[in-house]
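Encoded as structure tokens, the structure appears first; notes follow it.
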There are 2 protein chains.
Amino acid sequence: MTLKIDHIYDEQCRRFQDSFELVGKRWSPAILMAINLGSHRFSEILARVEGLSDRLLSQRLKELERNRLIDREVIPTTPVQIRYTLTERGADLMQALQPLVGWGLRWEPELQPMRAVS
Amino acid sequence: MTLKIDHIYDEQCRRFQDSFELVGKRWSPAILMAINLGSHRFSEILARVEGLSDRLLSQRLKELERNRLIDREVIPTTPVQIRYTLTERGADLMQALQPLVGWGLRWEPELQPMRAVS
DNA sequence: CAGAGTCACTTACCTATTGTAAGTGACTTA
DNA sequence: TAAGTCACTTACAATAGGTAAGTGACTCTG
């Protein structure tokens, strides 16, 4: 019995970890949020996400596309435009992450940077 | 007008990024989940989170404590026990992340590892 | 019509974070 | 006496991230 419960818990823990790692790499959630908020082009996303470099944006977009969270559409204008949009799966993820925005606002005063501390 | 809307969106994007980075470092969410599911001691957490090393657990616990997501209580038995529990803030975070568990289950078939791919 | 600029990226290089393995000190059990 | 547990540290190699410069196909400015 305890074994079974443990197994379920372990399973939940593992799946949660998987989900989080899929989308939790640095910059990925911010990029998805930027697209969700209407930035669909490379340079628009780059401008909206503070601190993000073009190298990492390029890398993250590839990963997100590979994981079917975003779609990449080439529009043959000159210069060529690339339009990134959320897949159904990606949009559903953004819905699932909305409560985190609320949490951030509720506990805002306690926010202190995690990185860049000795 | 457009400027104001953009500003709000940028703000939301930034705050979201901050929240996510606070808790989104590798292993942090899984550790919090493990504590939430009843693993309160160092070795229990280590056993439940698959792939986590003791070095990183130690480091993450310090960071999480510093950010007031968990409390650390020393119980002077022999050998000494250390009991980690979620703070109110940490517990609220786990609530906010529940929808992500649902998302993981809904889209489970599409899960493929993000790391360890060329 | 030469030079500068835009767009969506790459490549090169260096630093920071992570993974792996081994060690620590105060104890208990065989 | 030897081996084991607990909650960690330390040392070092591997991987990820940051910074800067380059690319090719265009357009726009003077």
Side-chain angles (χ1 to χ4, degrees), chain A residues 14 17-18 20-32 34-35 38-67 70-85 113-118, chain B residues 14 17-18 20-32 34-35 38-67 70-85 113-118:
Chain A
R14 197 189 53 71
Q17 161 93 0
D18 287 348
F20 217 99
E21 291 206 350
L22 185 66
V23 75
K25 284 182 82 169
R26 191 161 197 203
W27 304 115
S28 293
I31 291 167
L32 290 170
I35 295 174
S39 298
H40 295 286
R41 300 181 56 184
F42 191 92
S43 49
E44 288 172 353
I45 300 168
L46 198 58
R48 178 158 283 168
V49 182
E50 203 177 310
L52 173 61
S53 71
D54 50 359
R55 191 183 79 88
L56 266 286
L57 175 55
S58 177
Q59 196 172 115
R60 288 294 112 89
L61 287 171
K62 275 182 202 157
E63 296 166 351
L64 294 171
E65 193 194 353
R66 185 157 49 75
N67 284 293
I70 60 172
D71 282 327
R72 181 180 192 269
E73 184 193 357
V74 178
I75 302 173
T77 49
T78 49
V80 70
Q81 282 188 28
I82 314 286
R83 187 177 168 80
Y84 295 98
T85 48
M114 192 117 177
R115 298 175 195 273
V117 174
S118 62
Chain B
R14 197 188 53 69
Q17 160 93 1
D18 287 349
F20 218 99
E21 292 206 352
L22 184 65
V23 75
K25 284 181 84 168
R26 190 158 199 207
W27 305 114
S28 293
I31 291 167
L32 291 170
I35 296 173
S39 299
H40 295 287
R41 300 181 56 184
F42 191 91
S43 48
E44 288 172 353
I45 301 170
L46 198 58
R48 177 158 282 167
V49 182
E50 201 178 310
L52 173 62
S53 70
D54 51 358
R55 193 185 79 87
L56 265 286
L57 175 55
S58 177
Q59 196 173 113
R60 285 296 111 87
L61 287 171
K62 275 183 201 156
E63 295 166 351
L64 293 171
E65 194 194 354
R66 185 156 51 74
N67 284 293
I70 60 173
D71 282 327
R72 182 181 192 270
E73 184 195 358
V74 179
I75 302 172
T77 51
T78 50
V80 70
Q81 281 188 28
I82 313 286
R83 187 176 168 81
Y84 294 99
T85 48
M114 191 116 177
R115 300 179 193 269
V117 175
S118 63

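In what follows, chains are A, B, ... by sequence order, proteins preceding strands, each numbered from 1.
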Using atom [atom1] of [X] as one end and atom [atom2] of [N] as the other, report the distance to the nearest whole Å.
X	N	atom1	atom2	value
A/Leu46	C/dT6	CG	P	13 Å
B/Lys62	D/dC8	NZ	C1'	8 Å
B/Leu64	D/dC8	CG	P	13 Å
A/Leu56	C/dA8	CG	C1'	15 Å
B/Ile70	D/dA7	CD1	P	13 Å
B/Asp54	D/dT5	CG	P	14 Å
A/Glu44	C/dA8	CD	C1'	13 Å
B/Phe42	D/dC8	CZ	C1'	6 Å

* When you look at B/Leu61 and B/Leu57, which way does the side-chain contact (heavy atoms from CB on, under 4.5 Å) test go after all the steps? -> CA-CA 6 Å; B/Leu61 287 171; B/Leu57 175 55; 3.7 Å; yes
When you get a sec, tell me which of [options] is the closest nucleotide to the side chain of [X]?
X	options	result
B/Arg41	C/dC7, D/dA7, C/dT18	D/dA7
B/Ser43	D/dC6, D/dG17, C/dT18	D/dC6
B/Trp27	D/dC6, C/dG19, C/dT11	C/dG19
A/Ile82	C/dC9, D/dC8, D/dT9	C/dC9
B/Lys25	C/dA8, C/dT18, D/dA7	C/dT18
A/Ser58	C/dA8, D/dA7, C/dT10	C/dT10
A/Ser53	D/dG17, C/dC9, D/dT19	D/dT19

* Asked: Stepwise, does the side-chain contact (heavy atoms from CB on, under 4.5 Å) test hold for B/Tyr84 with B/His40?
  -> CA-CA 5 Å; B/Tyr84 294 99; B/His40 295 287; 5.5 Å; no
* Asked: So do the side chains of A/Val23 and B/Phe20 get within less than 4.5 Å of each other, counting heavy atoms only?
  -> yes
* Asked: Is there a side-chain contact between B/Asp71 and B/Glu73 (heavy atoms, below 4.5 Å)?
  -> no
Kindly say if [X] contacts the phosphate of [N], meaning a side-chain N or O under 4.0 Å from OP1 or OP2.
X	N	value
A/Arg26	C/dT17	no
B/Arg55	D/dA13	no
B/Gln59	C/dT18	yes

* To do: Give one of base, sugar-phosphate or nothing for A/Arg83, where a contact means two heavy atoms less than 4.0 Å apart.
  => nothing
* Let me know, please, whether B/Gly51 or A/Gln81 comes out on the 5' side of the other along DNA chain C by nearest nucleotide. => A/Gln81
* Between A/Arg60 and A/Pro29, is there a donor-acceptor pair closer than 3.5 Å when you use the side chain of the first and the backbone of the second? -> no
